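Quick note: numbers below take in every heavy atom, side chains included, and nothing from hydrogens, waters or symmetry partners. Letters A, B, ... mirror the listed sequences (proteins, then strands); counts begin at 1. Not measured: the values here are computed from a predicted model.
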Protein chains: 2
Amino acid sequence: MKVSASDRPPQAAPLPVDLADGVFPAGCPSRTVLDHVTSKWGVLILLALSEGEQRWSDLRRRAEGISEKMLAQTLKTLERDGLVRRDAQPVIPPRVDYSLTERGYGLSALLVPLVAWAFENAEDIVNGQR
Amino acid sequence: MKVSASDRPPQAAPLPVDLADGVFPAGCPSRTVLDHVTSKWGVLILLALSEGEQRWSDLRRRAEGISEKMLAQTLKTLERDGLVRRDAQPVIPPRVDYSLTERGYGLSALLVPLVAWAFENAEDIVNGQR
DNA sequence: CGGGATCCCCAGGGATACTG
DNA sequence: CAGTATCCCTGGGGATCCCG
């Protein structure tokens with residue numbers, strides 16, 4: 001059964017079926033990946049790295065409020081997902097650089113507009129709260 | 001000190017300064033908004049609603065695995081943020097329709113490519129794990 | 001400097017039961 | 001049908017100490 005266009009806002013559009021079928025099921029891999037990528041700190045780290053290579057301490061300062069544990073965990077997850085490259089140099093004191101992989105850059109290109117949207121709409125949203 | 005272009009992958013680009021300043025600080029509103037929007041269930045609900053108006057029970061079935069508590073909580077948060085519109089009809093049995101607001105649609109337009117990315121890359125990513 | 005290992009805590013979230 | 005209320009628990013995540 002079809003629904004006439006006037007029944008819903010003009011912007012409403014059906015998702016590609018394979019996308020809908022692929023993401024909504026409970027156990028699907030895309031859910032896991034989505035969780036990694038949209039995690040509280042994951043977004044910020046990915047965003048920071050989209051500006052280029054950064055050191056551990058840079059990231060720690062950049063993602064204000066992150067604990068060492070969560071930074072390590074987030075970076076490890078993103079590295080396992082093939083989104084972040086880790087370059088450890090065997091010097092004293094140690095120096096480790098993190099950067100995005102090709103795939104990581106592809107993702108960050110989608111994340112940047114999202115974060116920009118959040119930034120632009122944040123004030124309106126919190127104001128509407130009261 | 002400047003870094004020459006060859007030192008980093010060609011895709012690396014600085015974020016707009018106001019964006020970087022706005023999102024990385026700990027207490028900023030954009031962090032909160034971002035957390036709502038990228039929350040585990042928030043993304044799926046927003047995505048489902050991007051296809052048009054849906055009822056509570058539709059959403060519950062769609063976002064497979066969500067508990068009633070989390071569905072209620074997620075919808076309430078998104079409604080407070082002005083992203084989701086709630087239309088309760090005073091009939092027996094009750095019927096409540098949820099749909100995206102104008103702002104919600106703007107957001108979903110950014111979310112769809114992200115979820116599509118997750119779906120397309122999910123297999124590669126989990127395969128790379130072993 | 002860049003982490004790893006531990007301990008510990010509370011709130012995020014599930015399950016169940018009830019209601020308008 | 002569309003929620004609310006309650007109980008309960010575990011694992012996400014902070015704090016701290018240590019090590020190469």
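Look at NZ on B:Lys76: it is 15 Å from C1' on C:dG12, rounded to the nearest Å. Atom CG of A:Leu59 and atom C1' of C:dG3 are 13 Å apart (whole Å). Nucleotide C:dC1 holds its P atom 15 Å from the OH atom of A:Tyr98, rounded to whole Å. Separating the CG atom of B:Leu75 from the C1' atom of D:dA2 is a distance of 11 Å, rounded to the nearest angstrom. One atom, CZ of B:Arg55, and another, P of D:dC1, lie 8 Å apart when rounded to the nearest Å. B:Leu71 has its CG atom 13 Å from the C1' atom of D:dT4, to the nearest Å. Rounding to whole angstrom units, CZ of residue A:Arg60 and C1' of D:dG13 are separated by 13 Å. Rounded to whole Å, atom P of C:dG2 lies 12 Å from atom CD1 of A:Ile92.
Under the salt bridge (Lys or Arg N to Asp or Glu O under 4.0 Å) criterion, B:Arg55 pairs with no residue at all, not counting sequence neighbours. Residues passing the salt bridge (Lys or Arg N to Asp or Glu O under 4.0 Å) test with A:Glu102, sequence neighbours excluded: none.
Nearer to the 5' terminus of DNA chain C, by closest-nucleotide assignment, is the contact made by A:Trp56 (compared with the other of B:Gln73 and A:Trp56).
For the side chain to side chain donor-acceptor pair (under 3.5 Å) condition, the pairs that include at least one residue of residues 21-37 of chain A, sequence neighbours left out, are A:His36-A:Asp81. Each side chain to side chain donor-acceptor pair (under 3.5 Å) pair with one or both residues in residues 112-121 of chain B, not counting sequence neighbours, appears once here: A:Arg103-B:Asn121.
A side chain to side chain contact (heavy atoms under 4.5 Å, CB included) with B:Ser108 is found for exactly one of B:Val115, B:Leu100, B:Leu83, namely B:Leu100. B:Tyr98 pairs with exactly one of B:Gln54, B:Arg86, B:Arg85 by the side-chain hydrogen bond (donor to acceptor under 3.5 Å, both in side chains) rule, that one being B:Arg86.
A heavy-atom distance below 4.5 Å is not found between the side chains of B:Val37 and A:Thr38. For the pair A:Trp41/A:Leu71, no side-chain contact is recorded, criterion being any heavy-atom separation below 4.5 Å from C-beta on.
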Between the protein and nucleotides 14-16 of chain D, are there any N/O to N/O pairs under 3.5 Å, and if so, what are the atom names and distances?
{"from": "D:dG14", "atom 1": "OP2", "to": "A:Ser67", "atom 2": "OG", "distance (Å)": "2.5"}
{"from": "D:dG14", "atom 1": "O6", "to": "A:Lys69", "atom 2": "NZ", "distance (Å)": "2.7"}

> side-chain contact (heavy atoms from CB on, under 4.5 Å) between A:Val84 and A:Leu46: does it pass, once the steps are laid out?
Replying inline: CA-CA 8 Å; A:Val84 164; A:Leu46 254 7; 4.2 Å; yes

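Axis orientation changes by 60° from one end of the helix from C:dC1-D:dG20 to C:dG20-D:dC1 to the other, with each end axis drawn from 5 pairs and the value rounded to 10°.
Of the candidate nucleotides C:dG3, D:dG3, D:dG20, C:dG3 has the atom nearest to the side chain of A:Arg86. Comparing atom distances between the B:Ala72 side chain and each of D:dA2, D:dT4, C:dG3 picks out D:dT4 as nearest.
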